[in-house]
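Just so it is clear, the values below take in all heavy atoms, side chains as well, and ignore hydrogens, waters and symmetry mates. Every number for a ligand or one of its atoms is a count from 1 in the order of the listing. These numbers come from a predicted model, not from an experiment.
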Amino acid sequence: MGRVNVEEVFEAKLAKNDFIEPKDWMPENYRKHLIRQISQHAHSEILGMLPEGNWISRAPSLRAKLVLLAKVQDEGGHGLYLYTAAESLGISRDEMLNALLTGKAKYSSIFNYPTLSWADVGAVGWLVDGAAIMNQVMLQRSSYGPYSRAMVRICKEESFHQRQGYEIMTHLSFGTPEQKAMAQDALNRWWFPTLMMFGPPDRESPNSENALKWRIKRETNDQLRQRFVNQTVIQAEYLGLTIPDKGLVWNEAKKAYDFSEPDWAEFKNVIKGNGPCNKERLVSRNKSHKDGEWVRAAAAAYGKKQMEASLAA
Ligand code: FAQ
């Protein structure tokens, strides 16, 4: 039997749309690319708990509080599935968390904006979760098995989150003039930051080429951004809200909306650490990490005890 060429096996799997699994051979750059993307994604889920968590104690009804609490807990769970998927590539959770806590790791730019009113909780669910799903539906078919499987579950939960946000926006938009104004104000502030979530334009996206070649991403940043705009305009129309973009116009030839680009200088500034809430977010995350130290120690001690008992049996 001839020698198996591992690179050919890897390429053949990609060509057949088979998954690459943790014990399979993979190019070092593929492994690094996945660790980068999945760990950033995990950090985003965890940091994403903060802007909405800010409103749990001030939700306007018991029902709203319960729904928001469940949603924020889901985001924590998403972070955990994703850290586990990244660990299967040979990086430790401590290493990833350390990069986050010391400000070295990236996480989604969107979570560095403040949630100033209850309407912002609606806008985050409607727009931010809406954008997250648009991106994550394609990631369900990502070539790395553990990432793809995590995304299937995450997408199911995200669609509930998107509805939770749209429900809040519906109540406010069909409520009093003051409530409608709150909804419009939230849309005005969250629209362009949401468009930035999809990443830089394709012409300036260094990672897209490899991501597409390796089927980690299946569509480009601009394709997904366009689809999000097309889908969201009609939802805003139903609410009677105006998307804050004078350049937004239906283009019959391309059967899609033309729209203005976000301010990419602002985007770069936010991911460099200079957004409105970057510093506050890292302080909160570090505090939670420190406050949770005794819980982690207790869980580890309990796990060790269980293990020793099972070995002794
Ligand atoms: N923010 O070459 P590309 C959620 C960085 S989940 C910060 O285009 P790529 C759920 C990028 O990392 C939201 N940094 O990179 C939720 C790269 O830097 P690097 C998170 C960004 O990877 C909802 C550089 O710019 N979702 O929200 C951003 O091909 C509500 C060049 O960019 C995911 O992570 C950004 N927006 O494409 C939770 C999905 N965009 O690493 C709570 C998975 C780009 O070279 C409440 N990730 N950068 O130093 C992806 O699909 C991709 O990583 C993209 C970026 C699309 C984010």
Practice prompt. Begin with the C-alpha distance, continue with both residues' side-chain angles, and end with the deciding distance and a verdict on side-chain contact (heavy atoms from CB on, under 4.5 Å) for I20 and L14.
Written response: CA-CA 8 Å; I20 309 298; L14 288 185; 4.2 Å; yes
Response to the item:
Residues at least two apart in sequence or cross-chain that pass ring-ring contact (aromatic ring centres under 6.0 Å, His included) with F19, listed by chain then number, are none
Item to complete: Quick one: list whatever passes side chain to side chain donor-acceptor pair (under 3.5 Å) with N269, sequence neighbours left out.
Response: N274
Worksheet item: Mind checking what makes side chain to side chain donor-acceptor pair (under 3.5 Å) contact with S108, not counting sequence neighbours?
Response: none
Distance dump, ligand 1 polar atoms to protein, N/O, under 3.5 Å:
unit_1: ligand 1; atom_1: 1 (N); unit_2: S109; atom_2: N; d: 2.8
unit_1: ligand 1; atom_1: 1 (N); unit_2: S109; atom_2: OG; d: 3.3
unit_1: ligand 1; atom_1: 2 (O); unit_2: S205; atom_2: OG; d: 3.1
unit_1: ligand 1; atom_1: 2 (O); unit_2: P206; atom_2: N; d: 3.3
unit_1: ligand 1; atom_1: 2 (O); unit_2: N207; atom_2: N; d: 2.9
unit_1: ligand 1; atom_1: 2 (O); unit_2: N207; atom_2: ND2; d: 3.0
unit_1: ligand 1; atom_1: 8 (O); unit_2: S205; atom_2: OG; d: 2.7
unit_1: ligand 1; atom_1: 8 (O); unit_2: N221; atom_2: ND2; d: 2.8
unit_1: ligand 1; atom_1: 12 (O); unit_2: Q40; atom_2: OE1; d: 2.7
unit_1: ligand 1; atom_1: 12 (O); unit_2: Q40; atom_2: NE2; d: 3.4
unit_1: ligand 1; atom_1: 15 (O); unit_2: N207; atom_2: ND2; d: 3.2
unit_1: ligand 1; atom_1: 18 (O); unit_2: K106; atom_2: NZ; d: 3.4
unit_1: ligand 1; atom_1: 22 (O); unit_2: R36; atom_2: NH1; d: 3.1
unit_1: ligand 1; atom_1: 22 (O); unit_2: R36; atom_2: NH2; d: 3.1
unit_1: ligand 1; atom_1: 29 (O); unit_2: K217; atom_2: NZ; d: 2.7
unit_1: ligand 1; atom_1: 36 (N); unit_2: S109; atom_2: OG; d: 3.1
unit_1: ligand 1; atom_1: 36 (N); unit_2: M196; atom_2: O; d: 3.3
unit_1: ligand 1; atom_1: 36 (N); unit_2: M197; atom_2: O; d: 3.4
unit_1: ligand 1; atom_1: 37 (O); unit_2: K217; atom_2: NZ; d: 3.3
unit_1: ligand 1; atom_1: 41 (O); unit_2: R36; atom_2: NH1; d: 2.9
unit_1: ligand 1; atom_1: 41 (O); unit_2: Q40; atom_2: NE2; d: 2.8
unit_1: ligand 1; atom_1: 45 (O); unit_2: N207; atom_2: ND2; d: 3.1
unit_1: ligand 1; atom_1: 49 (O); unit_2: K106; atom_2: NZ; d: 2.5
unit_1: ligand 1; atom_1: 51 (O); unit_2: N135; atom_2: OD1; d: 3.3
unit_1: ligand 1; atom_1: 51 (O); unit_2: N135; atom_2: ND2; d: 3.3

Discussion item. What I want to check is whether the side chains of K217 and N221 have a donor and an acceptor closer together than 3.5 Å.
Written reply: yes
Worksheet entry | Side-chain donor/acceptor of Q37 to backbone N/O of L34, under 3.5 Å | no
